[in-house]
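Start at 1 and go down the list; that is how both ligands and their atoms are numbered.
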Amino acid sequence: MSTVIRNGTIVTADLTYKADVRIEDGRISEIGPNLKGDEELDATGCYVMPGGIDPHTHLEMPFMGTYSSDDFESGTRAALAGGTTMVVDFALPSPGQGLLDALSMWHNKSTRANCDYSYHMAVTWWGEQVFDEMATVVREHGINTFKHFMAYKGALMVNDDEMFASFQRLRELGAIPLVHAENGDIVADLQQKLLAEGNTGPEAHAYSRPPEVEGEATNRAIMIADMAGVPLYVVHVSCEEAHEAIRRARAAGKRVWGEPLIQHLVLDESEYFDKDWDHAARRVMSPPFRNKRHQDSLWAGLMSGSLSVVATDHCAFTTEQKRYGVGDFTKIPNGTGGLEDRMPLLWTHGVNTGRLTMNEFVAVTSTNIAKILNMYPRKGAIMVGSDADIVVWDPQKEKTISAATQQSAIDYNVFEGHHVKGLPRFTLTRGQVAIHDGEVRTQEGHGQFVAREPNMPVTAALSTWKELTAPRKVERSGIPASGV
Ligand code: URP
Ligand code: ZN
Ligand code: ZN
Ligand code: ZN
C-alpha cells in the first residue's frame with residue numbers, strides 16, 4: 001500500500017520545489033515528478049511541509065492541585081488538526097519521586113496518543129537517586145533533555161547549587177538542560193506583597209512576574225550552564241530582557257537556544273486588565289503576556305535567528321479549574337492551550353505579514369526542533385527515509401478560531417475570534433491521513449514514543465555521587481590553594 005501526495009510544492013527549511021512524495025510503510029520512499037500510488041492526495045495549490053513538532057506540552061500533568069485537562073488523546077488530536085505531528089511532553093516527578101517511576105507513569109498516560117511523542121525529564125528535586133537515574137534515563141530510555149524550574153518555589157523549584165550539580169551531571173551524559181527561567185524567590189515575595197495589599201485578582205499574576213525576574217534568571221542559567229560546560233535551552237522566552245541575555249550569549253559563542261511561544265507572539269498584557277475575572281484567569285500563565293515592546297523583540301529574534309523555535313507550552317485548564325484561584329491569584333492553575341493554533345497563527349502573523357519566509361516557518365516549527373532534540377532527519381524533514389509526518393498546507397484556507405470547533409477538551413480558547421489564513425488540507429502521521437480536508441480521522445494509540453540519543457560529547461567515565469559532592473579545593477589563578 002502506497003500513498004502519493006501529488007501536484008504540491010515541497011517546502012523544507014532550506015528548499016522550495018515542485019515534486020510528488022510517495023509514502024510506504026510510514027516513511028517517505030520517493031520524491032520526484034509524476035509519481036503514482038494506491039492512494040493519492042491532491043496537493044494542488046498547497047505546500048508540502050514537514051509536520052510541526054511542538055517541543056513543549058503538558059498533557060494530563062498534575063499541577064497546582066489539579067491535572068491539565070487535555071490528555072495525550074485530545075492533545076495530539078488537537079495537534080494533528082493544526083498540522084503538528086509530534087509533541088514533546090514533560091515527564092514530571094513529584095519532589096522525592098524517582099525519575100524512572102515518573103517515566104513509567106508518563107508511558108502509561110501516552111498509550112492513547114494519536115501521533116508520535118517524546119519526553120523531556122523534569123528535575124524537580126536533587127539527590128543521589130536523581131543523579132544515578134539520570135544515567136539510566138539517558139542511556140536506556142532515550143531521553144536526553146532535562147528541564148529545571150527556577151520558579152514555583154516550594155513546589156517544583158530547584159536552587160542554584162542543585163541546578164549546577166545537575167548541569168554537570170548532564171554534561172557527562174551528553175544531555176541538554178532546559179530551564180524555566182524566572183526568579184522564583186522574587187516571584188514568591190512579590191506574590192505575598194500583592195496579596196497583602198489586597199490585590200487578589202488575575203491581573204496581579206502579571207505584576208508578580210515582571211520581565212526583570214525572567215531576565216535575571218535567564219542570565220543566571222546561562223552563566224551556570226557555561227560554568228558546567230553544557231549547552232542550554234531556555235523555554236517560553238517572553239521578554240526582551242531574556243532574549244537579550246540569549247542574544248548576547250550566542251554572540252559570545254555559547255550554545256544557547258531560546259523558545260518563544262505562539263501565545264506571547266500574538267497575545268499581549270491587555271488580556272489581563274479591565275477584563276472580567278474568567279477572561280483574565282483563563283490567560284494566566286507563566287511567564288505572563290507582555291506588552292508590544294516585548295512582542296516586537298520576540299519577532300525580531302525569530303527573524304534574525306537569535307530565537308530558534310516556536311512552541312505552545314500547551315497546558316490547558318477549564319474555566320472551572322481556573323476558578324480555584326477566586327480570591328487568591330496564586331492558586332489559579334498556570335497554563336494556556338495552543339496546540340491546534342500554533343501553526344496557523346504563526347503562518348498568519350509570520351509568513352502572511354512577510355516577517356518569516358516559508359522556509360523559516362518550517363525551521364522554527366519543525367526542523368530546528370528536530371535538530372536540537374536530536375531526531376533529525378527522522379523527524380523535521382521531507383527526505384527519502386524520513387518518517388512521513390507531513391502537513392499539506394493550504395495557504396488560501398481561512399477560519400476564525402473558536403472553542404466551538406476546537407479539538408481541545410477545554411471550554412474556551414485564548415485565541416477566540418482570531419482570524420487565520422493558512423491551514424492544513426491533510427495532516428499525515430507516519431503515513432496515515434489523520435486530517436483529511438477538515439475531517440478528523442485520527443487513530444487512538446497510533447502514536448509511538450521517539451527515543452533520542454545524546455547529541456553532545458559524552459565523557460568516557462561517569463563520576464560517582466561521592467565525587468560530585470566532595471568538597472573541592474578552589475584553585476584561583478595567582479592565589480595558592482592553601483585550603484583556607
Ligand atoms: O504557566 C505555565 N507555563 N504552565 C505550564 C508549566 C510551565 O511552567 O511550563
Ligand atoms: Zn515553565
Ligand atoms: Zn511548560
Ligand atoms: Zn491574530
Could you point out which residue of Arg248, His243, Glu244, Arg250 forms a side chain to side chain donor-acceptor pair (under 3.5 Å) with Ser306? His243
Which of the numbered atoms in ligand 1 are under 4.0 angstrom from any heavy atom belonging to Met285? 1 (O), 3 (N)
Between Asn114 (side chain only) and Glu73 (backbone N and O only), is there a donor and an acceptor less than 3.5 Å apart? yes
With the Zn ion (ligand 3) as the reference point, give the N/O/S atom of His58 that is nearest. NE2
If you have a sec, work out which protein heavy atom is nearest atom 1 (O) of ligand 1 and how many Å separate them, to one decimal? Ser286 N, 2.8 Å
Tyr119-His107 aromatic ring centre distance below 6.0 Å: yes
Is the ring centre of His264 less than 6.0 Å from the ring centre of His294? no
Name of whichever N/O/S atom of Asp313 is nearest to the Zn ion (ligand 3): OD1
Before we go on, tell me: are the rings of Phe273 and Tyr207 under 6.0 Å apart, centre to centre? yes
The closest protein heavy-atom partner of atom 4 (N) of ligand 1 is Asn334 O, 3.1 Å
Restricting to N/O/S atoms, is His56 within less than 2.8 Å of the Zn ion (ligand 3) or not? yes
Which of the numbered atoms in ligand 1 are below 4.0 angstrom from a heavy atom of Cys315? 5 (C)
Numbering as shown, the atoms of ligand 1 that approach His236 to under 4.0 Å (heavy-atom distance): 8 (O), 9 (O)
So which of the N, O or S atoms of His180 lies nearest the Zn ion (ligand 2)? ND1
Side chain, backbone, both or neither: Lys147 near ligand 1, heavy atoms under 4.0 Å: side chain
Applying a heavy-atom cut-off of 4.0 Å, say which part of His180 lies close to ligand 1: side chain, backbone, both or neither. side chain
Can you list, pair by pair, the side-chain donor-acceptor contacts under 3.5 Å of residues 147-155, counting residues two or more places apart and other chains?
{"residue": "His148", "atom": "ND1", "partner": "Phe146", "partner atom": "O", "Å": "3.2"}
{"residue": "His148", "atom": "ND1", "partner": "Leu178", "partner atom": "O", "Å": "3.1"}
{"residue": "His148", "atom": "NE2", "partner": "Ser166", "partner atom": "OG", "Å": "2.7"}
{"residue": "Lys153", "atom": "NZ", "partner": "Asp185", "partner atom": "OD1", "Å": "2.9"}

Here the atoms of ligand 1 under 4.0 Å from any heavy atom belonging to Tyr152 are 1 (O), 2 (C), 4 (N), 6 (C), 7 (C), 8 (O)
For Gln97, does its backbone N or O pair with a side-chain atom of Ser94 as donor and acceptor, under 3.5 Å? no
Can you label the angle between the Trp347 ring and the Trp393 ring as parallel, tilted or perpendicular, going by 30° and 60°? tilted
Ignoring hydrogens and geometry, is there a side-chain-to-backbone donor-acceptor pair from Asp389 to Arg430 under 3.5 Å? yes
Protein contact to atom 3 (N) of ligand 1 [nearest heavy atom, distance to 0.1 Å]: Asp313 OD2, 2.6 Å
